[in-house]
Amino acid sequence: MINTAFTGASGLRQPLLHTKKTNKLARQRAALQLLSGAGSGRSRDSFTISSEARKFSRESIAALVDKSANVSASELSYYFANYNNPSAILDAINFGEHVSCGYNPEFKDYGVMCFDYNGSSQIVPNYAVPKINANSLPGIHAENNSLVLKNKSYYAWTASNGSRYAWAVNNGMIGYARSESMLAENNGTNYKSEMRKASGILAALAQGEGLWDVLHSRKEVLATCEKVGIKPGFFSIDAGAGKHTYILQETGAVINVDNNIARWNNINWIGSGYKEGDTFSIYGNEYAIDSSGHIHVSVDDTFTSTEVKYPKRTM
């Protein structure tokens, strides 16, 4: 109990006992007036998201601006400005920078997701984060060993448990949408680990990075590629970070064709013991050393073989 005082009608100060709960509710009402613009002539129920959320949404928002939470009204400006635009809220979370989430499954309705927007920190209450219907999204699948995914878009991934999950593509990053994964509860299955592995493999390939056996086994690489329709041989992937070309071997090993071509083109072969006119057979095509000592292979060339044959050295 807290002992305070108030001035009665007679002008005398009178003691008043009230509970901490009453005191908190008073702060919450004041916070709601601040955030909803009460008294400004506007009528705006900014805190109702759905009939289910209605029972806790107002209290949640009020709790956010409790002094101990150090949250200001400006940090909710993006949420209020896009209150009726769920796509904008989803994109800010899934394609934004410095995204984080305060999440405890026991109190999931009272946490927030944080992100940067135009240089300022913004928050969206967990209960207000729109859910994505993964069943309405296209799957991730290659055509003719070419996987092309639209940048800043959503796709569906079907896990081994048979459920479909919303994935996001963002400048070569491919994986479980943060608006979903950060609020997903651990239900005792291994689908999260499974998706992390697949995401790590696809994202590394989409960004032109190497696949190290210590991080991804060749068996996992083969399984992930097979799942998205990539078969052994030449394949390419483009997911917003440029097109990258590889060779998938039957063993699960992956050869970075782009890196090999860049390396071969940069070498002065005359200085390495070859002569002008010597011919290399690379991926089914022949390339002769020119007077500068270089060969000129293009990633846009049509390759018919995965073999590479060097000419005999003259010295």
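In what follows, every heavy atom counts, from backbone to side chain, and hydrogens, waters and symmetry copies are set aside.
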Contacts of type ring-ring contact (aromatic ring centres under 6.0 Å, His included), residue W264, not counting sequence neighbours: Y283
Any residue meeting side-chain contact (heavy atoms from CB on, under 4.5 Å) with S199, in chain and number order, not counting sequence neighbours: W167
Students should find that the hydrophobic cluster of L90, defined by side-chain heavy atoms under 4.5 Å apart, otherwise consists of F95, I132, L137, Y154
How far does CZ of R263 sit from CG of N256, to the nearest 0.5 angstrom? 10.5 Å
Tell me if a side-chain donor or acceptor on R178 pairs with a main-chain N or O of G96 at a distance below 3.5 Å. yes
With clusters built from Ile, Leu, Val, Met, Phe, Trp and Tyr whose side-chain heavy atoms come within less than 4.5 Å, directly or transitively, what are the remaining members of the cluster of M173, listed by chain and number? none
Atom NZ of K152 with >12 non-hydrogen neighbours under 6.0 angstrom: yes
Could you name each residue pair satisfying salt bridge (Lys or Arg N to Asp or Glu O under 4.0 Å) that touches residues 130-142, not counting sequence neighbours? K131-E180
Quick check on E276: does its CD atom have over 12 non-hydrogen neighbours (other residues, nucleotides or ligands) under 6.0 Å away? yes
Suppose we screen for side-chain contact (heavy atoms from CB on, under 4.5 Å). Which residues come up paired with S120, at least two apart in sequence or across chains? Q122
Non-neighbouring partners of A239 that pass side-chain contact (heavy atoms from CB on, under 4.5 Å), sequence neighbours left out: L149, V169, I174, A206
Once side chain to side chain donor-acceptor pair (under 3.5 Å) is applied, what residue pairs with a partner in residues 299-308 remain, sequence neighbours excluded? Y287-D301
Which residues pass the side-chain hydrogen bond (donor to acceptor under 3.5 Å, both in side chains) test with H141, not counting sequence neighbours? none
With sequence neighbours excluded, tell me which residues meet side-chain contact (heavy atoms from CB on, under 4.5 Å) with A253. R218, Q249, T251
Parallel, tilted or perpendicular for Y274 and F280, by the 30°/60° rule? tilted
Using the salt bridge (Lys or Arg N to Asp or Glu O under 4.0 Å) criterion, which residues pair with K227? Sequence neighbours excluded. E194
Side chain N144, main chain S146, donor-acceptor under 3.5 Å: no
Measuring only between side-chain heavy atoms, which start at C-beta, is L248 closer than 4.5 Å to L222? yes
Under the ring-ring contact (aromatic ring centres under 6.0 Å, His included) rule, collect the residues that match up with Y117, sequence neighbours excluded. Y78
N145 side chain vs K231 backbone, donor-acceptor pair below 3.5 Å: yes
Ring center gap for Y246 and F234 short of 6.0 angstrom: no
